[in-house]
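All remarks here apply to the structure that follows.
Heavy-atom basis, side chains included; hydrogens, waters and symmetry copies ignored. Sequential numbering from 1 along the given sequence is applied to the chain's residues. None of these values were measured; they are calculated from a predicted model.
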Amino acid sequence: MPPSEFVVFPAIDLRDGKVVRLIQGDPNRQTVYSNDPAEFAARWLDYGAEWLHIVNLSAAFGEEDTANLKALEKITRLGARVEYGGGLRALEQVSRFTDIGVQRVFFGTSAAEQPEMLAEAVREFGPQLIAADLAAKDGVLMIKAWQQSAERRVNDVGKELFQLGIRHCVLTDVARDGSGHGVNIDSAKNLQVESGLDVVASGGVNSYDEILTAREAGLAGIILGRALYEGILDLRRCLES
């Protein structure tokens, strides 16, 4: 069954309390777009966004993330529907974020390395709240903030996650992320068909036609980052695509 709702997610990637974008997940290839994440969040909400996709890059890289967590709290107080991930490695962390208003929590590396923990999270919190954040390069799952290969096909991991009770995931094509070279809709569609997961495509979106194509492909949504921040795409028009 295809997802019942297609969602356009503006991304807010946080590092040291700032809004940033990386190229291909490389921490050394970073552009800072704002020192005020809540201001950007408010802008996207004013433009009509229903969800915000927020990633704690500092936590993913094992860095100090206090400033990011403060920014996240400010954003949730705006009344946004927020999905959040980055550096989550323990079941106990989930309540911390749901308590401040996060409505979906993503596990990345932990989804591949701690399947028992993820299954327990689904049993405790439900499949609407617990999701997977998968990244792939040439069809192979990347972990540890996309810096290492898991040496497993991402589609195989997706099938296992579905068996554990996961129903929602993001798939990022690492080679395209932050590049503006176009999102890999085919890989997202293949993952969705093979695994049964509702898949959101991410990485390299740079045209309105790609959003329409992702919708027509039956995907659950698409994530927009650099193209919004650099004015290549207008969020209001994206939401109408």
Less than 4.0 angstrom from a charged side-chain N to a carboxylate O is my criterion; do E160 and R152 meet it? yes
Qualifying residues under ring pair (Phe, Tyr, Trp, His ring centres under 6.0 Å), relative to F162, sequence neighbours excluded: none
Can you name the closest pair of heavy atoms from A41 and L52 and give their distance? CB-CD1, 3.7 Å
Note: A119 and L164 closest approach over all heavy atoms is CB-CD2, 3.9 Å
Working to the nearest 0.5 angstrom, can you tell me the gap between D156 CG and L141 CG? 10.0 Å
Electrostatic pair R15:E63 at N-O distance under 4.0 angstrom: yes
Which residues pass the salt bridge (Lys or Arg N to Asp or Glu O under 4.0 Å) test with R43, sequence neighbours left out? E39
Can you see whether Y33 engages E230 through a side-chain donor-acceptor pair at a distance of less than 3.5 angstrom? yes
Hey, could you give me each pair passing side chain to side chain donor-acceptor pair (under 3.5 Å) that has a residue in residues 118-145? Not counting sequence neighbours. E113-K144
Which atom of L239 lies closest to which atom of A49, heavy atoms considered: CD1-N, 3.6 Å
Tell me if the CD atom of E64 is crowded by more than 12 foreign heavy atoms within 6.0 Å. yes
Tell me whether the centres of the aromatic rings in F106 and H53 are closer together than 6.0 Å. yes
Got more than 12 heavy atoms from elsewhere within 6.0 Å of NZ, K74? no
Approximate separation, where rounding is to 0.5 Å, of M142 CE and S149 OG: 5.5 Å
N155 CG to L171 CG distance, which is reported to the nearest 0.5 Å: 8.0 Å
How many angstroms lie between atom CD1 of I100 and atom CD of E73, to the nearest 0.5 angstrom? 4.5 Å
Using the ring of W44 (Phe, Tyr or Trp, six-membered ring only), decide whether R236 places NZ or CZ under 6.0 Å from its centre and within 45 degrees of its axis. no
Cation-pi between R21 and Y229: NZ/CZ under 6.0 Å from ring centre and within 45° of the ring axis? no
Search all heavy atoms of Y208 against all heavy atoms of D234 and return the closest pair with its distance. OH-N, 2.8 Å
Gap separating the OG1 atom of T109 from the CZ atom of R89, nearest 0.5 angstrom: 7.0 Å
State, to 0.1 Å, how close Y84 and L88 come at their nearest heavy-atom pair, and which atoms those are. CE2-CD1, 3.7 Å
d(I23 CD1, R226 CZ) to nearest 0.5 Å is 5.5 Å
Residues L14 and N68: closest non-hydrogen pair is O-ND2, 3.2 Å
Is the number of heavy atoms from other residues, nucleotides or ligands under 6.0 Å of Q148 CD greater than 12? yes
